[in-house]
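A quick write-up on the structure given underneath.
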Amino acid sequence: MSLNQLGALKVLVNSKKGIIEAYEAEKELGLKGKALGGVFSSLSRQKIDGQSLVLVWGRSQAGRGLRWKLNTEVINMIELKRVIREIIE
């Protein structure tokens, strides 16, 4: 995984209910538009036991971009937070 992907997962883990809107992720990651969408879409293509790590969770309530959700059936937020902390902090 790239540092941007790990950063995106960190933003998801620190968000309410593991859901993030594009504009929130822009502020945290410093990425915009297609670059930001590319990071999250690549995470949605990451498969663990046949399931996506990140799910598209509909359009953003602000009307810009998508919302993304951590697939907690693949990994719970506590475990992912621990793994990310070990890697990037």
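All of these numbers come straight from a predicted model, not from anything done at the bench. Just the heavy atoms: all of them, side chains too, but no hydrogens, waters or symmetry mates, feed the values below.
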Should Leu43 and Val74 be counted in the same cluster of Ile, Leu, Val, Met, Phe, Trp and Tyr side chains packed under 4.5 Å apart?
yes
Is Glu26 close to Leu31 at the side-chain level, that is, under 4.5 Å between some pair of heavy atoms?
no
With a 4.5 Å cut-off on side-chain heavy-atom distances among I, L, V, M, F, W and Y, is there a chain of contacts connecting Val54 to Leu6?
yes
Quick check on the hydrophobic clustering: are Leu53 and Leu66 connected, directly or via other members, by side-chain heavy-atom contacts under 4.5 Å?
yes
Flag if over 12 foreign heavy atoms under 6.0 Å of CD, Gln51:
yes
Decide side chain to side chain contact (heavy atoms under 4.5 Å, CB included) for Val56 and Trp68; before the verdict, give the C-alpha distance in whole Å, the side-chain angles of both, and the deciding distance to 0.1 Å.
CA-CA 5 Å; Val56 176; Trp68 300 91; 3.3 Å; yes
Among residues at least two apart in sequence or on other chains, which ones pass side chain to side chain contact (heavy atoms under 4.5 Å, CB included) with Lys10?
Asn14, Ile84, Ile88, Glu89
Give a yes or no on whether Ile78 and Leu9 share a hydrophobic cluster (residues Ile, Leu, Val, Met, Phe, Trp, Tyr; joining criterion: side-chain heavy atoms under 4.5 Å apart).
no
Considering non-hydrogen atoms only, spot the tightest contact between Ser41 and Ser44 and give its length.
O-OG, 2.6 Å
Return yes if some donor-acceptor pair links the side-chain N/O of Asn71 with the main-chain N/O of Ser52 below 3.5 Å, else return no.
yes
Heavy-atom count check: over 12 atoms from other residues, nucleotides or ligands less than 6.0 Å from Lys47 NZ?
yes
Taking Arg67 for the side chain and Trp57 for the main chain, is one N or O donor matched with an acceptor at less than 3.5 Å?
yes
Could you check whether Ser15 and Glu24, counting side-chain N and O atoms only, form a donor-acceptor pair closer than 3.5 Å?
no
Going only through I, L, V, M, F, W and Y residues with side-chain contacts under 4.5 Å, is there a path from Leu55 to Leu36?
no
Distance check, rounded to the nearest 0.5 Å: Lys81 atom NZ versus Glu86 atom CD?
14.0 Å
Measure the shortest side-chain to side-chain distance between Asp49 and Glu73 over non-hydrogen atoms and say whether it is less than 4.5 angstrom.
no
Exercise: identify the closest heavy-atom pair between Leu29 and Ala8:
CD2-N, 3.7 Å
Within the side chain of Gln5, is there an N or O that forms a donor-acceptor pair under 3.5 Å with the backbone of Ser2?
yes
Leu12 to Phe40 - nearest heavy-atom pair and separation:
CD1-CE2, 4.0 Å
CD-OG1 distance between Glu79 and Thr72, expressed to the nearest 0.5 angstrom
13.5 Å
Within the structure provided, determine whether Ile48 and Ile75 are in side-chain contact (heavy-atom separation under 4.5 Å).
no
